[in-house]
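Order of the sequence lines sets the chain letters (A, B, ...), proteins ahead of strands, with each chain counted from 1. In what follows, every heavy atom counts, from backbone to side chain, and hydrogens, waters and symmetry copies are set aside.
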Amino acid sequence: MNVNYIFSLLSVIVLFLLAYVGVEAAGFQILFGVIIPYLAIITFIAGFIYRVLNWARSPVPFRIPSTCGQQKSLSWIKPARIDNPSTKMGVVIRMILEVLFFRSLFRNTKCQLKEGDKLSYEWEKWLWLGAIAFHWSFLTVVIRHFRFFIDPVPSCLQLLEKVDGFLQVGLPGVLFSGIVLLAAVIFLFLRRVFIPQVRYVSLASDFFPLFLIIGVAISGILMRHFTKVDVIGVKELTMGLVTFRPKIPSDVGSAFYVHLFFVSVLMAYFPFSKLLHLGGIFMSPTRNLANNSRRIRHINPWNYPVEVHTYEQYEDEFREKMVEVGLPVEKEIAPTISEEKE
Amino acid sequence: MPDDLFKSDELLSKLDPTPPQTGWMDTPVQIRKGMYCYASNPKSVEYVGLPNARAWNPLDDDWKLPENWEEIIFEGFRERLDRFRSFKVFMDICVRCGACADKCHSFIGTGDPKNMPVLRAELLRSVYRKDFTTAGKILGKLAGSRKLTLDVLKEWWYYFFQCTECRRCSVFCPFGIDTAEITMMARELFNLLGLNIDWIATPVANCYRTGNHLGIQPHAFKDMLDFFVDDIEDITGVHVEPSFNKKGADILFITPSSDIFADPGTYTTMGYLILFHFLKEQYGFDITWSTYASEGGNFGSFTSHETMKRLNSKMYAEAQRLGVKWILGGECGHMWRVIHQYMDTMNGPADFLAEPVSPITGTKFENAKATKVVHITEFTADLIKQGKLDLNPGRNDHLRVTYHDSCNTSRGMGLLDEPRYIIKNTCKNFYEMPRNTIREQTFCCGSGSGLNAGENMELRMAGSLPRANAVKYVHEKHDVNMLACICAIDRAALSVAMEYWVPDVDVTGVHELVGNALNLSGQNERTTDLRSEPIPGLEGDDGE
């Protein structure tokens, strides 16, 4: 048993109980429906900005892109414009591919020793696939939820939901993104548990967000398909939040509050955890810089003078030996010394 | 090769990547013979004025640290977080997905989980969390944080001197986290406490004083090149005349000194001499060598950014003193990481030099416009493309060549096709190693970043496994017998690695191939190659 994931699982269970008991038994609807969500969103936004600005405060003294393809050099050699960009445009495309399609992770290989002495590197697509499925479905779910914060619901969101519900199973219809999200997050959890190396490096803070997101997804699905939450009531609450006229509708059920609480915790946790890789990837100097440091001088704001060993010092030490083998010197050997030698 | 080192098949069979039962924070470091480098000679540390020069031994309990060493590390850590966004971001955003784990030659070859790039970085991150994040302060181990203790410091030292800063992990990391960057910071911290290794510290001191890592003094440097001049005359019948410290030469040539000193790098140097002689004879192109800036490599970069800058300064200083137009850089790995990604920023602007143009072909090296240093394979590839060299690749027919991309020139620069173009034009038989082991995915020789010592041979041979294994593949499939590269450390390190893993394969520099193929006016029959070995098919009547 691994203390890291047990602890994370227990934390999420405690969070669940807090919200459930808080609403069911103690009647803290205002706390869980209004106060905590407001605090969470404030923490999310302020924390996110603070952390990104904090990164930005440190300069990028050197231009250190990881070059993943041919450089731009001689006119007849074809450069890898994206994997080794030499222009801003190339960098932008490289970043788009990284951020939206996980370009680098797509390269992933699995190294295995075969027949006792042959190393093989096979394309390992599952991590990439799991990650892509997870992030894109998460994004879809987030966007889908905007219908709770906008009234009337814009047609693009309605269209998204229609596409998302293409399976046309059940009523209300099963949304593809929710299923994919749950499946992907469980996959990411399982690989963390079953791949020995990944398990070995995993911290509690790697399992906690996974359990939390599993909690978010399950409570969401539960609400939509099983407890059949009062959607009108939910929208009343969420519209109240965005218009700063919060109110608690009478009957939305505790599943909703659990869901909302999980999301609130996730948001508040976000800026202070590894989840901030969302912001960090934009700041990564090995990806967001063009490989043009020999063409355009990069400035280091804290560049300072250093002590060097000058040519004069060098020649002073070795002048005689240099003259002896006919190496040119700046200063001829002083006559007194040469006389002494004679 | 040390006598007590395992044979290669033993090393392979005892390879076991299963992590230990105990968590990594609870698995104390064991500094093991064969896996670490000796501590720095205090004289070397003192010569360049670096901190805490004293004799110490990594195997001793007492490392003779300054009294306030924790404070020094804490302040040093903070300063580097403030100075390097890379460091700060890389401390924060890793999600521990593990994509980097089996990309590292150190991990593949040793199976030690602390050689997974992610865990190597976590060694540092755990202390970062404790000292610089609120969650880490409060939650302790649950947030993956731990206090810096002497044992932790020793663990850092052991493992950050098992990373060769090859950057292969950064190619696969979805956030571009570059362990080389993290290792560089860790080694800067070690330097603050005087925890350098001698294989780095002494070359640094030598380079500072004599201009090169090996401590070759000016007269000896000239003597050594003169020795090659004699060899070339024996082999080709042509007397070449290199110039030294010559004011008003067209360009200054700088290359790693180990190619002047040790085989097979010396043959590459002979290749340079032949090429430069040809260019002077045919086109009047005047290239000079410098004894003051007689080192391309920069072991300062394995010590600290400051030391890197101090050593690198000689290149521009010498170019300015000699009044050359621009600088031509020889075949070397980390030398080129420094030139390409650091030099101009650190020691520029080089406004006293001209934008590099090849006077022979008229080609403008636009990509080197600001730094004004051209890579010799860029230069030679251009010469070949424009038909300016008289080549007879037949003299390389006996070689079946594959090409090893150096870590630094591939992942810190993208110099991939220039050397290949030269190889393909100087020899007939060229075979690539498997795709996942070349170009930006190339594997380290296992001895980069100053780990090319004798006492850590087990580490080096383990680290060279992935590279050697790919060579073995083409050796078995295509009968490859020569491994070409453009790095002086590669030439030294891969020679040993080949001897260990694939004994039938030799190592060559790309310009050795050029030297073999290039026709000189007035040359003799040229029945031997630059190694003075008879060329099959060209030797005398029966050739034994």
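Comparing A:Asn4, A:Val198, A:Asn84 by how many heavy-atom pairs each has under 4.5 Å with chain B, the most go to A:Asn84. In terms of heavy-atom pairs under 4.5 angstrom with chain A, the leader among B:Gly412, B:Ala470, B:Pro349 is B:Pro349. Comparing B:Ala293, B:Ser410, B:Ser8 by how many heavy-atom pairs each has under 4.5 Å with chain A, the most go to B:Ser410. Top candidate by heavy-atom pairs under 4.5 Å with chain B, chosen from A:Val323, A:Asn54, A:Leu275, A:Leu188, is A:Asn54. Interface summary for chain B: among A:Glu317, A:Arg51, A:Arg57, the most heavy-atom pairs under 4.5 angstrom belong to A:Glu317. Interface check for chain A: of the options B:Phe365, B:Tyr208, B:Phe90, the most heavy-atom pairs under 4.5 Å are formed by B:Tyr208. Of the listed residues A:Pro285, A:Ala204, A:Pro196, A:Cys68, the one with more heavy-atom pairs under 4.5 angstrom with chain B than any other is A:Cys68. Highest contact tally toward chain B, considering only A:Phe318, A:Trp76, A:Phe7, is held by A:Trp76 [criterion: heavy-atom pairs under 4.5 Å]. Put simply, of A:Arg107, A:Arg63, A:His298, A:Gln70, the one with the most heavy-atom pairs under 4.5 Å next to chain B is A:Gln70. Note on B:Val118, B:Leu415, B:Asp178: by heavy-atom pairs under 4.5 Å with chain A, the leading option is B:Leu415.
Taking CD1 of A:Ile77 as the reference point, atom NZ of B:Lys385 lies at 8.5 Å (rounded to 0.5 Å). Taking CG of A:Asp117 as the reference point, atom CG of B:Asp9 lies at 9.5 Å (rounded to 0.5 Å). Rounded to the nearest 0.5 Å, atoms OG (A:Ser205) and CZ (B:Arg129) are 6.0 Å apart. In this structure, B:Asn469 CG and A:Cys111 SG are separated by 8.5 Å, a value rounded to the nearest 0.5 Å. Once rounded to the nearest 0.5 Å, the distance linking SG of B:Cys97 with CZ of A:Phe102 reads 10.5 Å. One distance of note links OG1 of B:Thr210 with NE2 of A:His309; it measures 8.5 Å at 0.5 Å rounding.
Contacts between B:Ser313 and chain A at a heavy-atom distance below 4.5 Å involve the side chain alone, from C-beta outward. Residue B:Ala317 does not touch chain A at all, counting heavy-atom pairs closer than 4.5 Å. Heavy atoms closer than 4.5 Å to chain A are found nowhere in B:Phe87, neither backbone nor side chain. For A:Arg199, no part lies under 4.5 angstrom from a heavy atom of chain B. In this structure, chain A has no heavy atom under 4.5 Å from any part of B:Lys141. Looking at B:Asp82, both its backbone and its side chain come within 4.5 Å of chain A, counting heavy atoms on both sides. For a residue to count as touching a neighbouring chain, one of its non-hydrogen atoms must lie under 4.5 Å from one of that chain's; by this rule A:Gln197 touches chain B with backbone and side chain alike. Within the 4.5 angstrom heavy-atom criterion, atoms from both the backbone and the side chain of A:Trp55 approach chain B. Contacts between A:Ile299 and chain B at a heavy-atom distance below 4.5 Å involve the backbone alone (N, CA, C, O). Contact annotation for B:Thr27: only side-chain heavy atoms (C-beta onward) come within less than 4.5 Å of a heavy atom of chain A. For chain A, the nearby parts of B:Arg83 are the backbone and the side chain; heavy atoms of each come within less than 4.5 Å. Contact annotation for B:Tyr47: only side-chain heavy atoms (C-beta onward) come within less than 4.5 Å of a heavy atom of chain A. Of the atoms belonging to B:Thr363, it is side-chain heavy atoms, and not backbone ones, that fall under 4.5 Å from chain A. Residue B:Cys100 does not touch chain A at all, counting heavy-atom pairs closer than 4.5 Å. Of the two parts of A:Pro301, neither the backbone nor the side chain holds a non-hydrogen atom closer than 4.5 Å to a non-hydrogen atom of chain B. Heavy atoms of B:Met346 lying under 4.5 Å from chain A belong to its backbone as well as its side chain. Looking at B:Pro434, there are no atoms closer than 4.5 Å to chain A (heavy atoms on both sides), in backbone or side chain. There is no contact between B:Leu139 and chain A, counting heavy-atom distances below 4.5 Å. Only the side chain of B:Tyr421 comes within contact range of chain A, judged by heavy atoms closer than 4.5 Å. For A:Arg191, the part sitting under 4.5 Å from any heavy atom of chain B is the side chain, from C-beta outward, and nothing else.
Inter-residue side-chain proximity for A:Ile64 and B:Arg337 is flagged as met; some heavy-atom pair is nearer than 4.5 Å. Residues B:Asn367 and A:Lys72 fail the side-chain proximity criterion, which asks for heavy atoms closer than 4.5 Å. The shortest side-chain heavy-atom distance between A:Phe62 and B:Glu181 does not fall under the 4.5 Å cut-off. Here the side chains of B:Glu378 and A:Gln71 are in contact, with some heavy-atom distance below 4.5 Å. The closest side-chain heavy-atom distance from A:Asn108 to B:Lys103 is below 4.5 Å. Residues B:Glu418 and A:Ser73 have side chains in contact (heavy-atom distance under 4.5 Å, counting atoms from C-beta outward). Inter-residue side-chain proximity for B:Tyr473 and A:Lys118 is flagged as unmet; no heavy-atom pair is nearer than 4.5 Å. By the 4.5 Å heavy-atom criterion applied to side chains, B:Lys247 and A:Glu330 are counted as neighbours.
Remark: the A:Tyr304 side chain and the B:Glu306 side chain contain an N/O donor-acceptor pair separated by less than 3.5 Å.
The shortest non-hydrogen separation linking B:Arg310 to A:Glu307 is NE-O, 2.7 Å. Shown here for B:Val95 and A:Lys274, the closest heavy-atom pair between the two residues is O-NZ, 3.1 Å. Nearest heavy-atom pair across A:Val325 and B:Lys222 is O-CE, 3.5 Å. A:Met283 approaches B:Val89 most closely through the heavy-atom pair CB-CG2, 4.0 Å. In terms of heavy-atom proximity, A:Arg297 sits nearest to B:Asp344 at NE-O, 2.9 Å. The shortest heavy-atom contact between B:Ile93 and A:His277 is O-CB, 3.6 Å.
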Chi angles and distances behind the side-chain contact (heavy atoms from CB on, under 4.5 Å) call for A:Asn291, B:His340: CA-CA 9 Å; A:Asn291 176 34; B:His340 188 71; 2.6 Å; yes
Evaluation steps, side-chain contact (heavy atoms from CB on, under 4.5 Å), between A:Phe272 and B:Thr134: CA-CA 9 Å; A:Phe272 307 102; B:Thr134 320; over 6 Å; no
Step-by-step side-chain contact (heavy atoms from CB on, under 4.5 Å) determination, B:Glu440 to A:Asp83: CA-CA 10 Å; B:Glu440 77 282 355; A:Asp83 285 329; over 6 Å; no
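With a 6.0 Å radius and a threshold of 12 heavy atoms from other residues, nucleotides or ligands, A:Phe282 has its CZ atom at or below the threshold.
Between the side chain of B:Glu122 and the backbone N or O of A:Ser202, no donor-acceptor pair lies under 3.5 Å.
Here B:Phe443 and A:Tyr121 bring their ring centres to under 6.0 angstrom of each other.
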